There are 2 protein chains.
Amino acid sequence: MTSGAERGAGAPAPRSADVARVAGVSRKTVSRVLNNEPYVSDEARRRVLAAAEKLGYRLNHAARALASGRTRSIGVVALGTAGYGTASLLVHIEHAVRDAGYALRIVNTPDGGPDGIAGALESLLEQGVDGIVVSEPIVEGKVQVRPDVPVLFIGAPPAFTATRTVTVGVGAHDLARAATEHLLDLGHATVHHLAGPRRWYATRDRIEGWQAALAARGAHEPPLLNGDWSAASGYAAGRALASDTSVTAVFAAGDEMAIGLIHALREAGRRVPQDISVVGFDGNPVCAYVSPPLTTARQPFEAAAREGIRLLVHTIEQPDTDPPPASDPPVELIVRGSTAPPPPLPR
Amino acid sequence: MTSGAERGAGAPAPRSADVARVAGVSRKTVSRVLNNEPYVSDEARRRVLAAAEKLGYRLNHAARALASGRTRSIGVVALGTAGYGTASLLVHIEHAVRDAGYALRIVNTPDGGPDGIAGALESLLEQGVDGIVVSEPIVEGKVQVRPDVPVLFIGAPPAFTATRTVTVGVGAHDLARAATEHLLDLGHATVHHLAGPRRWYATRDRIEGWQAALAARGAHEPPLLNGDWSAASGYAAGRALASDTSVTAVFAAGDEMAIGLIHALREAGRRVPQDISVVGFDGNPVCAYVSPPLTTARQPFEAAAREGIRLLVHTIEQPDTDPPPASDPPVELIVRGSTAPPPPLPR
DNA sequence: TTGAAAGCGCTAACAT
DNA sequence: ATGTTAGCGCTTTCAA
């Protein structure tokens with residue numbers, strides 16, 4: 001009714017040959033128009049488009065993929081829990097992929113281990129993607145698949161080999177360093193770190209940034225606290241920490257963990273930020289509204305996704321020319337009410 | 001090295017004909033084995049599997065799709081911001097889809113309007129999915145695409161027509177009602193409601209559940225407060241509300257909004273829950289660790305996704321037989337510290 | 001239980 | 001600027 005694309009319910013879907021017939025051209029010309037290839041007269045183009053519209057024609061991607069060897073789709077290996085960080089990154093990846101004119105295929109690997117990643121890659125490769133995105137993979141273990149399409153690693157060095165790999169950082173090291181320095185600048189003697197699971201690259205990056213900041217100031221490096229990104233794990237760490245009054249500053253590797261940590265601290269009678277300062281990591285918008293509003297290191301998810309996909313698509317479409325080098329995203333520390341100078345009598 | 005699947009870098013990928021040759025059978029027999037069809041001798045099956053393994057054979061999904069007309073993939077129209085609710089639902093959908101042996105294709109529609117949904121459907125249909133999932137769509141406007149594959153609507157009635165539609169609820173109405181009743185049971189004279197954007201079905205459901213609870217108790221129905229799911233919008237609503245001391249209880253349609261709301265209330269000097277009680281909606285785990293811990297209505301995302309995909313796959317694979325009816329997921333209200341009886345002197 | 005032949009709908013290579 | 005031919009790698013008949 002609206003687009004003139006009516007056909008009986010049982011009728012077969014129109015094919016490019018039908019469009020060609022109605023438009024009075026060859027199938028190849030239809031193909032040219034649909035793929036925006038040159039050497040088509042405006043007149044022919046117009047007629048093809050009109051015929052396609054009239055018939056309600058829809059291109060068959062499977063046939064195109066089979067004939068051309070390309071799918072115009074990108075696969076994502078997601079390390080997906082529903083945490084803010086991974087979800088946010090995924091949303092931005094989707095957006096960037098769509099803007100680039102590609103479709104998105106997703107395989108999740110909740111555990112993120114080498115076998116999970118290998119399985120996800122196999123699945124994506126079978127489906128026939130032109131490129132693959134791996135975000136924040138795991139450190140340990142060997143991935144026994146070698147994709148023959150370009151692979152983008154976001155926030156990590158290549159975790160396995162592939163025909164071509166491209167990487168884009170999220171500045172985690174610098175962000176962690178900035179977060180730690182912020183605490184040091186406030187006058188804290190040292191800063192404790194609540195880390196994520198050691199198997200993640202993301203965890204390692206943050207630890208190293210934190211260590212670098214401490215070392216640069218000659219501050220003592222206290223033992224690591226361990227979490228698993230969840231608020232519950234932050235809470236557990238907070239309970240363990242609360243009785244130690246020598247602790248005056250904690251940098252948590254994730255906002256959720258920071259929130260759990262603060263909750264435990266306050267339950268134990270320690271004030272934030274008066275007794276202990278806490279910095280989070282990610283930049284979850286909700287952090288502005290918790291008590292106290294959380295100082296956090298904002299990860300440039302959107303910039304990283306956009307830049308990464310740009311690089312990946314370049315590698316897919318022009319494997320021979322070097323892509324313009326990626327510009328490092330800006331480091332952004334959002335200072336709010338959860339950080340303050342240490343208490344006057346650090347006993 | 002590991003799987004014996006070595007071939008030179010430049011060599012073409014093996015095809016089913018290669019497997020057939022190595023196994024000493026016909027291509028059709030290879031196809032039978034790969035599709036778990038009957039009428040293959042154990043001996044033939046074994047040889048085919050061994051040959052495939054040896055060659056590092058990987059099935060070409062595009063070719064299969066072209067030949068069979070089916071893709072074994074399911075498309076999701078996501079209304080994706082990075083909020084906990086949508087992200088969590090998506091994770092569970094992915095899991096359920098994979099368990100069912102299907103691949104996942106995703107198109108996001110941040111605005112969620114009819115045109116956005118129509119475009120997303122077009123894209124999915126071109127890619128050739130066997131079924132489509134639409135989660136929590138928008139109320140208004142007409143979607144001018146009529147998919148010829150089954151469509152699953154999660155948390156909403158069918159928003160447009162399709163060959164076959166199947167729906168699965170998230171119990172939003174009952175959850176909203178339970179949240180409101182909880183507040184009423186505590187002794188509050190009435191309950192205010194901070195709603196999401198009116199264009200969402202999800203918003204409407206919650207409003208109706210809230211109204212039903214109020215009506216059942218003969219409570220006065222105060223004017224709606226408006227938010228957009230974000231913590232910032234909850235904060236804005238809280239500022240507007242803080243000066244009205246007649247308000248003693250608010251049911252917020254989302255956890256993030258509830259957190260923003262509470263923050264504004266406290267900034268204005270109103271205590272939660274002593275002066276005002278607040279209930280959230282979704283069941284974000286982090287709610288247990290904010291101050292005060294947030295009472296919230298937990299949405300059964302996992303159950304809804306699992307049940308919905310089960311129904312959808314049934315409709316795809318056995319269009320003739322009716323699927324076993326969906327069982328409504330349990331209503332679960334998590335009571336924490338943000339709700340209490342109203343203050344003694346309701347002025 | 002197995003195989004031979006004929007497409008699926010499109011694009012690539014080579015005309016014209 | 002346009003058309004013709006020959007596949008892409010698989011599944012579907014249908015026959016054996």
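Computed from heavy atoms alone, side chains included, the values below leave out hydrogens, waters and symmetry copies. Letters A, B, ... are given to chains in the order of the sequence lines, protein chains preceding strands, and every chain is numbered from 1. Computed from a predicted model, the values in this text were never measured in an experiment.
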- Got a donor-acceptor contact below 3.5 angstrom from the A:His95 side chain to the A:Leu90 backbone? no

- Sequence-aligned protein contact record of nucleotides 6-16 of chain C, with B where the base is within under 4.0 Å of a protein heavy atom and S where only the sugar-phosphate is: BBBBBBBB---

- With respect to the side chain of B:Ser26, which nucleotide from C:dG3, C:dT1, D:dT2 is positioned closest? C:dG3

- Ignoring hydrogens and geometry, is there a side-chain-to-backbone donor-acceptor pair from B:Asn35 to B:Arg32 under 3.5 Å? no

- Whole angstrom value for the distance that separates P of D:dT4 from OH of A:Tyr39: 20 Å

- Note on the structure: Across all chains, not counting sequence neighbours, the side-chain hydrogen bond (donor to acceptor under 3.5 Å, both in side chains) partners of B:Arg58 are A:Glu122

- Starting at CZ of B:Arg47 and ending at C1' of C:dT2, how long is that distance when rounded to a whole Å? 12 Å

- Side chains of A:Val91 and A:Ser88 in contact at under 4.5 Å (non-hydrogen atoms): no

- Query: Hey, is the side chain of B:Thr29 poking within less than 4.0 Å of OP1 or OP2 on C:dT1, counting only N and O atoms?
  - Reply: no

- Message: Between B:Thr71 and B:Asp130, do the side chains contain a donor N or O and an acceptor N or O under 3.5 Å apart?
- Response: yes

- B:Arg98 and B:Glu94, any side-chain heavy atoms less than 4.5 Å apart: yes

- Task: Classify the nucleic acid contact of B:Ala65 as base, sugar-phosphate or nothing, counting any heavy atom under 4.0 Å across all strands shown.
- Result: nothing

